[in-house]
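Both ligands and their constituent atoms are indexed starting at 1 by order of listing.
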Amino acid sequence: MVEDIIVAKFGGSSLANGTQFAKVKEIVTSDSRRRYIIPSAPGKRNSKDHKVTDLLYMCHQLASHGLNFDEVYNIIENRFLDICRDLKLEIKIDKILAEIKEEIKDGASKDYCGSRGEYLNGIILSEYLGFQFIDPKEIILFDENGEFDEKRTEIQVKETLKETTYAVIPGFYGGKPNGEIKTFSRGGSDITGSIIANAVKSKLYENWTDVSGFLMADPHIVKSPKTIEKITYKELRELSYMGAPVLHGEAIFPIKNSGIPISIKNTNFPEEPGTMILDDFSEVSYVGTITGIAGKKNFTAISVEKTLMSMDKGFYRKLVSVFETNNVSIEHMPSSIDSVTVIAANSEIGSKLNKVVEEIRIYCNPDNIVCYTDMALIAVVGRGMIKTRGISAKIFMALAQAKINIRMITQGSSELNIIIGIKNGDFEKAIKSIYDAFNKNGGI
Ligand code: ASP
C-alpha cells in the first residue's frame, strides 16, 4: 500500500532564522508522511526587519540603474550565513551567494533576482533535513509567454517525484522553456505547494505560517478575532481575494478538483488546531451564520445613467469594451433598470479615469455619469447565510447603528457573500461593527 503523502509549505517567518529552521525540522520529522517540503524565502524576524525577497528586488532595481548594490546584498548574505552558522551546516553558501551576486551585476532578470531567496533557503533546508533538493525551474513549467503551463507541470512533477521519497522544492518560481526563471505573483510559494500537492495526490496540504489559522476578521481592526475552524475553498477564495491575508488568493486552483484539504498551521504553536480548508461539498457546521469578513479600500465607482438603457441592446457590450480596451479589470457591476455602476480598483483605473469617462460618453451616449473615487468594499462571506433569514438584516443594522452610509450592495451569485460599498473612511468601523454584531454577547 502506498503511504499517504503530506505536502508542507513553510512561509518566510517560519524560516527567518536558525531557531525557526529548528522548529521546522521538528515538525517535518515528527511525521514521515511529510515528504515534500516547500520553503519560502526568509521573512521578517521582527517588525523592523526586511523580507529577503524585498531586498533582492531592491538589488535588482539598483543594478538595473547601474548603481552599486553591495550594501543591500551584504544584508542578504549575512542572513544566509547566519542561518548556516546557527544550524552548523557546512554548505558553501558563500560561494553560491557570490555567484548570484555576479548574475545580478550582469543584468539578471527581476524574476531571477526575486526567486533567489527561495532557491537559497531550499538548498539550506534540504541539507538540514537530509532531503533531496529539487530546483523548481525543472518541474514548475511556464510557457514562452510566461504563462503557467498546468498540464506539462503536472506530468513533470509526477515523473520527477515518482523516484523521490523526500524532497525540498523551493516555492514561488519555475522555469520557461528557454531556461529563464519565472515567478508567480508575490506570496506565490502557496501556489507551488498546491501544485505539488495536486500532482502527487497528497492526503493533505499543510501551509505553515506564523498565525494559528484563518481569522474571522483582520486582527489590526478587530481585537483578537476568532479563528475560523473550517472553511470551504470558495469561501476562502472570496475572503482572500478581498484582502484577507494568510493564503495566496490563487492557491486554491491547483487542488480544487482533487478536493485535497489545506490545513493552515502555526509553526510556533504546532499543537494549535489552525484552520481546515475543505472542498465545497464538505459538511460544515456553520451554515446559517457568517464565516468571515474581509475588505479592501480604494475603489472607484462609475455610475452611468441612460433612460431606457435596458432597451439599448448593445449598451453593456459597449460599456464593458471601454474598460477592456483601456486594460482596466472590472470588480463589480451592480445595475438597475436605467443605470449601471462599474466598480474598479483605483490601482487599475487611476490615471485613466478621465479617458475612460470620456470614452463612455462618446461610445455609450449616456444621460449622466457620476464618479465616486473614495470607495471601500467589504465582503461578508458565509456558506448558506444568504438563505438564512435575518443575517443580512443583522449586517445592515450593525452598519446603520454605527452611522455608516452604504453606497452599494451586491450579492454574489454564488450565494456566498454580500459585498458592501462604503466610504474609505468608514472601512475599519464597518468591519468592527459587523464582526461585533455576530460575535459580541455570544453573537448569533
Ligand atoms: N518570497 C516571496 C514573497 O515574499 C514568495 C513567498 O513568500 O511566497 O512574495
Side-chain angles (χ1 to χ4, degrees), residues 7-17 20-21 23-24 36-61 72-73 75-77 79-80 83 97 100 104 108-126 134-137 139-140 142 146 148 153 168-175 181-198 205-211 214 236 240-241 243-255 262-268 277 347:
V7 170
K9 178 251 164 180
F10 289 88
S13 54
S14 302
L15 293 163
N17 59 26
Q20 293 301 92
F21 266 74
K23 291 181 192 169
V24 168
Y36 303 122
I37 311 303
I38 319 297
S40 281
K44 294 184 181 190
R45 291 159 296 186
N46 53 60
S47 59
K48 293 203 179 74
D49 202 10
H50 306 289
K51 289 176 92 173
V52 163
T53 311
D54 292 332
L55 297 171
L56 285 161
Y57 281 131
M58 206 188 274
C59 288
H60 171 262
Q61 199 181 328
V72 184
Y73 201 74
I75 307 176
I76 299 172
E77 282 179 319
R79 296 269 327 243
F80 288 107
I83 293 173
L97 281 160
I100 294 172
I104 301 177
S109 70
K110 184 175 175 197
D111 281 12
Y112 170 87
C113 299
S115 70
R116 293 305 88 185
E118 272 72 12
Y119 172 75
L120 288 155
N121 244 8
I123 292 179
I124 297 173
L125 186 62
S126 65
I134 294 178
D135 193 332
K137 81 170 192 223
I139 61 169
I140 303 289
F142 291 81
F148 174 59
T153 298
V168 171
I169 308 155
F172 190 38
Y173 74 95
I181 297 291
K182 172 81 189 139
T183 62
F184 292 111
S185 56
R186 294 298 303 267
S189 301
D190 288 342
I191 306 176
T192 310
S194 193
I195 293 167
I196 305 289
N198 175 56
Y205 168 28
E206 289 178 339
N207 196 292
W208 291 86
T209 174
D210 56 0
V211 287
F214 213 78
L236 181 91
S240 50
Y241 182 75
V246 179
L247 198 71
H248 191 292
E250 286 162 34
I252 298 297
F253 295 125
I255 52 166
I262 309 176
S263 165
I264 308 278
K265 296 275 286 176
N266 191 341
T267 303
N268 303 315
I277 306 163
S347 57

Trainee: Do the side-chain N and O atoms of K23 and N268 include a donor-acceptor pair separated by under 3.5 angstrom?
Mentor: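 Yes, because at least one side-chain N or O of K23 sits under 3.5 Å from a partner of the opposite role on N268.
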Trainee: Among protein heavy atoms, which lies nearest atom 6 (C) of ligand 1, and at what distance?
Mentor: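 That would be S189 OG, 3.4 Å.
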Trainee: Are any of the N/O atoms in D190 less than 3.5 Å from those in ligand 1?
Mentor: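 N/O-N/O distance below 3.5 Å does not exist for this pair.
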Trainee: Which word best sums up how the rings of F142 and F184 line up, parallel for under 30°, tilted for 30 to 60°, or perpendicular for over 60°?
Mentor: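 Plane angle between 30° and 60°, so tilted.
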Trainee: Evaluate the side-chain proximity of F80 to N121: yes if any heavy-atom separation is below 4.5 Å, no if none is.
Mentor: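 A side-chain contact exists here, since the closest heavy-atom pair is under 4.5 Å.
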Trainee: Taking only heavy atoms of K51, which atoms of ligand 1 are found under 4.0 Å from at least one of them?
Mentor: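 Taking each heavy atom of K51 in turn, ligand 1 has 4 (O) under 4.0 Å.
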Trainee: Donor-acceptor pairs under 3.5 Å, side chain of residues 50-58 to any protein atom, not counting sequence neighbours: which ones?
Mentor:
| from | atom 1 | to | atom 2 | distance (Å) |
| --- | --- | --- | --- | --- |
| D54 | OD1 | R186 | NH1 | 3.0 |
| D54 | OD1 | R186 | NH2 | 3.0 |

Trainee: Is it the side chain (CB and beyond), the backbone, both or neither of H248 that lies under 4.0 Å from ligand 1, heavy atoms counted?
Mentor: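 No part of H248 is near ligand 1 at this cut-off.
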Trainee: Which of the atoms of ligand 1 are close to E118, meaning less than 4.0 Å from one of its heavy atoms?
Mentor: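 Near E118, the atoms of ligand 1 are 1 (N), 2 (C), 5 (C), 6 (C), 7 (O).
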Trainee: So if I count the atoms of ligand 1 from 1 in the order they appear, which ones are less than 4.0 Å from some heavy atom of S40?
Mentor: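 Contacts of ligand 1 toward S40, numbered from 1: 6 (C), 7 (O), 8 (O).
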Trainee: Please confirm whether G117 comes under 4.0 Å of ligand 1, counting heavy atoms of the residue only.
Mentor: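 No, G117 has no heavy atoms under 4.0 Å from ligand 1.
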Trainee: Tell me: protein heavy atom nearest atom 4 (O) of ligand 1, and distance?
Mentor: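 Residue, atom and distance for the closest contact: R186 NH2, 2.9 Å.
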Trainee: Purely on distance, is any nitrogen or oxygen of G187 under 3.5 Å from one on ligand 1?
Mentor: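 Yes, G187 has an N/O under 3.5 Å of an N/O on ligand 1.
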